[in-house]
Amino acid sequence: MSESDGDGGAGADTDGGEEWTLPDDLESVQEALIAWYEGDHREFPWRRTDDPYEILVSEVMSQQTQLDRVVSAWEAFLERWPTTAELADADRADVVGFWTDHSLGYNNRAKYLHEAAAQVETEYDGEFPTEPDELQELMGVGPYTANAVASFAFNNGDAVVDTNVKRVTYRTFSIPDDDAAFESAANDLMPDGESRVWNNAIMELGGVACTQTPRCDEVGCPWREWCGAYASGDFTAPDVPTQPSFEGSRRQFRGRVIGTLREYDELELDTLGHRIRVDYAPGGEYGREWLTGLLTDLEDDGLVDIDDPESGAEDELVARLRR
DNA sequence: ATCCCGCGTG
DNA sequence: CACGCGGGAT
């Protein structure tokens with residue numbers, strides 16, 4: 001109904017955009033996937049709620065962490081902060097501390113979640129908006145998360161496009177490795193008004209069947225009869241940019257700073273330095289200068305405060321988690 | 001080593 | 001548009 005009904009790819013090939021088409025019997029394609037998903041799928045607790053806050057928490061956690069590890073963190077988080085009102089009232093340091101305690105990584109996202117809860121309270125009167133465009137106004141909520149929340153909470157989303165959906169559509173229907181093409185194809189595939197089950201189903205397909213090393217027959221992939229990769233045996237997938245190594249990285253030391261301040265409340269800078277790396281030496285290669293660089297970045301991110309000490313007349317600076 | 005349901009900022 | 005952002009599991 002929106003654009004390019006059924007016949008896929010932007011016809012004009014002027015800017016190098018490649019041609020692609022979806023099968024004629026889209027309805028069969030759709031029914032096959034939904035039947036496969038409803039027949040059997042992994043049971044995650046967030047698939048049994050339609051509370052937008054609970055969904056949002058699960059989505060933010062899932063962006064960075066394997067789903068199996070998210071389950072216990074999600075349950076503990078919602079037990080501690082069951083509503084946006086309660087999360088908004090929490091100290092940021094406690095939310096970031098929770099994130100670290102549960103090894104959820106990327107502490108910025110704890111801050112985003114905390115801020116999003118405050119936005120819901122102050123800007124939306126405690127009620128989540130239901131449209132993807134409005135949801136995207138929330139801190140830390142981009143196009144993917146907005147459609148996920150709109151879909152799973154309100155059955156009111158567009159097709160989600162994540163790395164799973166890209167891989168599945170690239171292989172099955174030979175959609176070119178191009179974001180606009182993926183988005184268009186994903187939306188053409190999705191049956192109108194069924195974003196909740198559809199987005200769950202296509203991501204489940206990417207998660208258990210159309211994996212890096214595919215398991216088409218083992219899990220009975222419902223799209224084998226339409227799948228270009230299954231026919232050709234070429235299961236190449238779009239490149240996902242590989243991360244620089246973590247060991248010894250700046251990221252690793254940021255994580256140690258947060259974890260250490262979580263444990264000690266407030267620490268003088270050199271003490272903190274020694275805690276986070278054994279080769280810390282105030283005047284050395286990794287010393288005061290290196291540490292303050294790290295800390296000012298964390299301060300700019302809103303995660304850490306650098307202050308004069310509360311007591312005493314000393315001028316040694318201390319660091320602590322921002323409340 | 002590589003993977004894992006993106007996002008905000010410069 | 002490129003870049004930085006954690007860390008457990010395998």
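In what follows, chains carry the letters A, B, and so on, assigned in the order in which the sequence lines appear, proteins first and then strands, with residues in each chain numbered from 1. Atoms considered below: every heavy atom in the structure, side chains included; atoms not considered: hydrogens, waters and symmetry mates. Remember, predicted model here, so these are calculated numbers, not experimental data.
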task: Determine the interatomic distance between P on C/dG6 and the same-named atom on B/dG10; round to the nearest Å.
output: 16 Å
field: Watson-Crick or G-U pairs under 3.5 Å in DNA chain B, rendered as dot-bracket with [ ] for crossing pairs and | for another strand
entry: ||||.|||||
- request: Assess the side chains of A/Asn155 and A/Glu194: does a donor N or O sit below 3.5 Å from an acceptor N or O?
  value: no
task: Could you tell me whether A/Asp270 and A/Arg288 have a side-chain N and a carboxylate O separated by less than 4.0 Å?
output: yes
- prompt: Going hydrophobic residue to hydrophobic residue with side-chain gaps under 4.5 angstrom, can you get from A/Ile34 over to A/Phe152?
  reply: yes
Atom P, compared across B/dC4 and C/dG4: separation rounded to whole Å: 22 Å
query: Got a salt bridge between A/Arg320 and A/Asp307, using NZ or NE/NH1/NH2 to carboxylate O under 4.0 Å?
result: yes
message: Under 3.5 Å, is there a donor on one side chain and an acceptor on the other for A/Tyr170 and A/Asp178?
response: no
- request: Heavy atoms of chain A, cut-off under 4.0 Å: which first and last nucleotide of DNA chain C, 5' to 3', fall inside that, if you could look?
  value: C/dC5 to C/dA9
task: Could you tell me whether the side chain of A/Trp198 reaches within less than 4.5 Å of the side chain of A/Tyr37, counting heavy atoms only?
output: no
- prompt: Does the ring centre of A/Trp223 sit less than 6.0 Å away from the ring centre of A/Phe173?
  reply: yes
task: Taking A/Asp162 for its side chain and A/Val165 for its backbone only, find out whether a donor-acceptor pair lies under 3.5 Å.
output: yes
query: Is it true that A/Glu263 and A/Arg275 have a side-chain N and a carboxylate O under 4.0 angstrom from each other?
result: no
- prompt: Tell me, do A/Leu295 and A/Leu269 make a side-chain contact under 4.5 Å, heavy atoms counted?
  reply: yes
query: Can you check whether A/Leu298 reaches A/Val257 side chain to side chain, under 4.5 Å on heavy atoms?
result: yes
- request: Give the first and the last nucleotide of DNA chain B, reading 5' to 3', that has any atom under 4.0 Å from a heavy atom of chain A.
  value: B/dC3 to B/dG8
query: Are any side-chain N or O atoms of A/Thr84 and backbone N or O atoms of A/Ala117, one a donor and one an acceptor, separated by less than 3.5 Å?
result: no
query: Looking at side-chain heavy atoms only, is the closest gap between A/Glu183 and A/Val160 below 4.5 Å?
result: no
- prompt: What residue pairs, at least two apart or across chains, pass side chain to side chain donor-acceptor pair (under 3.5 Å) with a residue in residues 50-61 of chain A?
  reply: A/Thr49-A/Glu54, A/Glu59-A/Tyr144
query: Looking at residues 104-112 of chain A, who's got a heavy atom less than 4.0 Å off DNA chain B?
result: A/Arg109, A/Tyr112
field: Members of residues 195-218 of chain A that approach DNA chain C, where some heavy atom sits under 4.0 Å away
entry: none
query: Are A/Arg171 and A/Phe235 side-chain neighbours, meaning at least one heavy-atom pair lies under 4.5 Å?
result: yes
Residues within residues 163-173 of chain A bordering DNA chain B, heavy-atom distance below 4.0 Å: A/Thr163, A/Asn164
field: Charged N-O contact under 4.0 Å between A/Arg47 and A/Glu204
entry: yes
message: Using atom C1' in both nucleotides, what's the gap between C/dG7 and B/dT9 to the nearest angstrom?
response: 23 Å
- prompt: Are A/Ile258 and A/Ile306 linked, directly or through other ILVMFWY residues, by side chains that come within less than 4.5 angstrom of each other?
  reply: yes
- prompt: With ring centroids as reference points, do A/Phe44 and A/Trp74 lie under 6.0 angstrom apart?
  reply: no
Donor-acceptor list for residues 90-98 of chain A side chains, cut-off 3.5 Å, not counting sequence neighbours:
{"residue": "A/Asp91", "atom": "OD2", "partner": "A/Arg323", "partner atom": "NH1", "Å": "2.4"}
{"residue": "A/Arg92", "atom": "NH1", "partner": "A/Gly302", "partner atom": "O", "Å": "2.6"}
{"residue": "A/Arg92", "atom": "NH2", "partner": "A/Glu115", "partner atom": "OE2", "Å": "3.3"}

- prompt: Between CD of A/Glu121 and CD of A/Glu86, what distance do you get to the nearest 0.5 Å?
  reply: 9.5 Å
query: Given the rule that I, L, V, M, F, W and Y join up when any side-chain heavy atoms are under 4.5 Å apart, are A/Ile55 and A/Trp81 in one cluster?
result: yes
query: Heavy atom of residues 40-71 of chain A under 4.0 Å from DNA chain B: which residues?
result: A/Arg47, A/Glu59, A/Ser62, A/Gln63, A/Gln64, A/Gln66, A/Leu67
Compile the donor-acceptor pairs under 3.5 Å between side chains in residues 64-71 of chain A and protein atoms, sequence neighbours left out, one pair per line.
{"residue": "A/Gln64", "atom": "OE1", "partner": "A/Arg109", "partner atom": "NE", "Å": "2.7"}
{"residue": "A/Gln64", "atom": "NE2", "partner": "A/Leu104", "partner atom": "O", "Å": "2.4"}

query: Between A/Val161 and A/Asp179, is any pair of side-chain heavy atoms under 4.5 Å apart?
result: no
message: Just to be sure I understand the geometry, which residues of residues 269-277 of chain A put a non-hydrogen atom under 4.0 Å away from DNA chain C?
response: none
- prompt: Hey, does A/Leu33 have a side-chain heavy atom less than 4.5 Å from the side chain of A/Val29?
  reply: no
- prompt: What interatomic distance, in whole Å, is found between P of B/dC5 and the corresponding atom of C/dT10?
  reply: 14 Å
- prompt: Do A/Trp290 and A/Phe253 pass the ring-ring contact (aromatic ring centres under 6.0 Å, His included) test, and can you show the C-alpha distance, the side-chain angles, and the key distance before you say yes or no?
  reply: CA-CA 11 Å; A/Trp290 171 83; A/Phe253 291 110; 5.3 Å; yes
Residues touching DNA chain C, which here means a heavy atom under 4.0 Å, drawn from residues 238-261 of chain A: A/Gln243, A/Phe246, A/Arg250, A/Arg251, A/Gln252, A/Arg254, A/Gly255
